[in-house]
Protein chains: 2
Amino acid sequence: MKNPIYIKIVEDIRSEISSGKLKPGDVLPSETSLCSEYDTSRMTVRKGLSILSNEGYIYSVPGKGYFVKKPDYNKYIFAYDEMSNLINNVDRTKLLSVDIILPDEKLAGSLQISESKKVVMIRRLFYTEGEPMAYDIKYLLYKRGVPIVENEIKNATFPEMISDRTSLYDLNKELIIYAKIPEEKMKKLLHIQNKIALLVVEQKLYDIEDKPIGLGITYFRGDYIKLHGVSK
Amino acid sequence: MKNPIYIKIVEDIRSEISSGKLKPGDVLPSETSLCSEYDTSRMTVRKGLSILSNEGYIYSVPGKGYFVKKPDYNKYIFAYDEMSNLINNVDRTKLLSVDIILPDEKLAGSLQISESKKVVMIRRLFYTEGEPMAYDIKYLLYKRGVPIVENEIKNATFPEMISDRTSLYDLNKELIIYAKIPEEKMKKLLHIQNKIALLVVEQKLYDIEDKPIGLGITYFRGDYIKLHGVSK
DNA sequence: GAGTGGTCTAGACCACGTG
DNA sequence: ACGTGGTCTAGACCACTCC
């Protein structure tokens, strides 16, 4: 017997679900009846069921039983950072400016602060093989006593920039992606002559209480970026 | 005592990790030493550790111990389907055509079939509040005996279209996102007069053995779509 | 050989949902 | 009252790693 019993239980039930023998909403046999079916103890049965539950196949309702869950057929996982994507990776960056500013109404609203609170603005250009491929701007809540070291920011992704004030384990993040026609200013910055669209990625960082820490906007040349996500 | 012991263990270790007391690569106390620390049995300790492992905080190496994992600070989850997004939802669709075609070289390569294999091509327009917001095209492997019911595909998302041949539980999916300037044909279809970019989403469906089932490309008007993802 | 995690047992008590 | 899942115990044997 090389395979543990609970794996057998997982495989059996999983295949009954994906074959359609068990449909969403159906109730599974109870733990005790699976115990006798597989001639094993309750903890072993529970181990198998907890795996199926983690995999999203089933859920349990105390006092009632285990039920088949509807599949999530619209979930995708993206591994995004502003420095790498399907087509090109950023091989050089240029720090355009680091300023301490007062936010306008929109930015203050986005960061959930008053317009009198200072904000650090960091502007960068990303290059690949000598060509500018993205313009990147970050807004960070200004904190006294946290020095801004240019060499640390220069090549850092957004989460890395704030890793000295918030644990990366506690960071909540949000991404908004859209397409846009570049304005003249942006065309100059990114050396765009022909008709090229921008892929804009807005990245918002929150602390563990979901209070905003920073907002980042990256304007990618449309011909230099493809984002990639997968299910599972 | 309302909270179970294993929750206490999870919270203690999790906070030691996010506070930095335990750093990535560090080894955790062994199961038996946690047993005596919390005056509980091994199964209870293991329950807590398995939760931390599922949450991505730690991993175990048989014979050695549990170790702190580096955080994944670039993972985002997107709930994508072509009918709904942050700005607008599709409230009406128009089926432009359903054809059985022979794939060109590029399509055949993408679907990993020979150019003599038939493919179903479905073209749709998506509307919101009377305005066309996206042009959608799907390529599906042609299967004899699986009828194409126009009313079923008209308002279906891509996974729903193939749910009669592949279990939605077994479906693997891939998304590629990029920005593009619309060509004349597309501008007419989407009633684009001014300068508006397209957000293009390519969706590829695979069966459980990762053989391609279909390719979908949706061209969204840039002013009608924002995609949204979150960490966690 | 001593220590580690992985699997498993045969019980126990509890809270919850349904009749 | 009974069946369900949720928590927990005090053991056991195994495979693996390190010395």
Side-chain angles (χ1 to χ4, degrees), chain A residues 1-17 21-72 169, chain B residues 1-17 21-72 169:
Chain A
M1 234 212 289
K2 46 181 175 182
N3 267 3
I5 302 172
Y6 69 83
I7 294 289
K8 170 85 174 134
I9 298 176
V10 167
E11 286 170 351
D12 286 357
I13 295 178
R14 189 164 43 199
S15 84
E16 280 185 31
I17 290 176
K21 229 178 286 177
L22 282 169
K23 285 180 240 318
D26 285 0
V27 64
L28 266 65
S30 72
E31 291 180 353
T32 44
S33 77
L34 287 169
C35 286
S36 46
E37 182 181 337
Y38 288 90
D39 191 28
T40 186
S41 75
R42 205 170 143 224
M43 285 309 247
T44 301
V45 166
R46 282 178 65 76
K47 168 94 177 166
L49 294 174
S50 96
I51 290 174
L52 287 164
S53 171
N54 281 327
E55 288 179 345
Y57 285 93
I58 63 174
Y59 62 94
S60 62
V61 181
K64 299 186 78 175
Y66 289 85
F67 299 86
V68 180
K69 215 163 143 184
K70 269 183 295 187
D72 265 351
Y169 292 100
Chain B
M1 240 210 288
K2 48 181 175 182
N3 267 2
I5 303 172
Y6 68 85
I7 294 290
K8 170 84 174 136
I9 297 176
V10 167
E11 287 171 350
D12 285 356
I13 295 178
R14 188 162 46 199
S15 83
E16 280 186 31
I17 291 176
K21 230 177 285 178
L22 284 169
K23 285 179 239 320
D26 285 359
V27 63
L28 266 64
S30 73
E31 291 180 353
T32 44
S33 76
L34 287 169
C35 286
S36 45
E37 182 180 339
Y38 287 91
D39 191 30
T40 187
S41 75
R42 210 175 137 218
M43 286 310 249
T44 302
V45 166
R46 282 178 63 77
K47 169 92 176 166
L49 294 174
S50 97
I51 289 173
L52 287 164
S53 170
N54 280 327
E55 288 178 346
Y57 285 93
I58 62 174
Y59 62 94
S60 62
V61 181
K64 298 186 76 174
Y66 289 85
F67 298 87
V68 179
K69 216 164 141 184
K70 268 183 296 187
D72 265 352
Y169 293 99

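The figures here come from the full heavy-atom set of this structure, side chains too, leaving out hydrogens, waters and symmetry mates. Residue numbers start from 1 in every chain, and the chains themselves are labelled A, B, ... in the order their sequence lines are given, proteins ahead of strands.
Protein atom NZ of B:K47 is 16 Å distant from nucleotide atom P of C:dG6, rounded to whole Å. Distance CG (A:L34) to P (D:dT4): 11 Å, rounded to an integer number of Å. Taking atom CD1 on A:I7 and atom P on C:dC8, their separation rounds to 9 Å, with Å as the unit. Atom CD1 of A:I5 is separated from atom C1' of C:dG6 by 13 Å (rounded to the nearest Å). Across the protein-nucleic acid pair, B:I51 atom CD1 and D:dC8 atom P stand 10 Å apart, rounded to whole Å. Rounded to whole angstrom, the span from the CE atom of B:M43 across to the P atom of C:dG6 amounts to 11 Å. A:E31 has its CD atom 16 Å from the C1' atom of D:dC2, to the nearest Å. Atom-to-atom, CG of B:D39 to P of D:dC8 comes out at 12 Å; the value is rounded to the nearest Å.
At the phosphate of D:dT9, neither OP1 nor OP2 sits under 4.0 Å from any side-chain N or O atom of B:R42. Close to D:dG6, at under 4.0 Å from its OP1 or OP2, lies a side-chain N or O of A:S60. The side chain of B:K64 places no N or O atom within less than 4.0 Å of a non-bridging phosphate oxygen (OP1 or OP2) of D:dC16. At least one side-chain nitrogen or oxygen of A:T32 sits closer than 4.0 Å to the OP1 or OP2 atom of D:dT4. Considering only side-chain N and O atoms, A:T44 lies nowhere under 4.0 angstrom from the phosphate OP1 or OP2 of C:dT7. OP1 or OP2 of C:dG3 has not a single side-chain nitrogen or oxygen of B:Y66 nearer than 4.0 Å.
Residue order along DNA chain C, read from the 5' end via each residue's closest nucleotide, puts A:S41 first among A:S41 and A:P62.
Applying side chain to side chain contact (heavy atoms under 4.5 Å, CB included) to A:P29 and the options A:V45, A:L34, A:I13 leaves one that passes, A:L34. Screening A:V27, A:D26, A:L28 for a side chain to side chain contact (heavy atoms under 4.5 Å, CB included) with A:Y66, the sole residue that qualifies is A:L28.
The two residues B:V68 and B:K23 have their closest heavy-atom pair at CB-O, 3.3 Å.
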Subject >> Criterion side chain to side chain contact (heavy atoms under 4.5 Å, CB included) on A:R14 and A:L52, from CA distance to verdict >> reply: CA-CA 7 Å; A:R14 189 164 43 199; A:L52 287 164; 4.0 Å; yes

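Residue A:R46 places its side chain closer to D:dG6 than to any other of D:dG6, D:dC8, C:dC8.
Residues A:I17 and A:I58 have side chains in contact (heavy-atom distance under 4.5 Å, counting atoms from C-beta outward).
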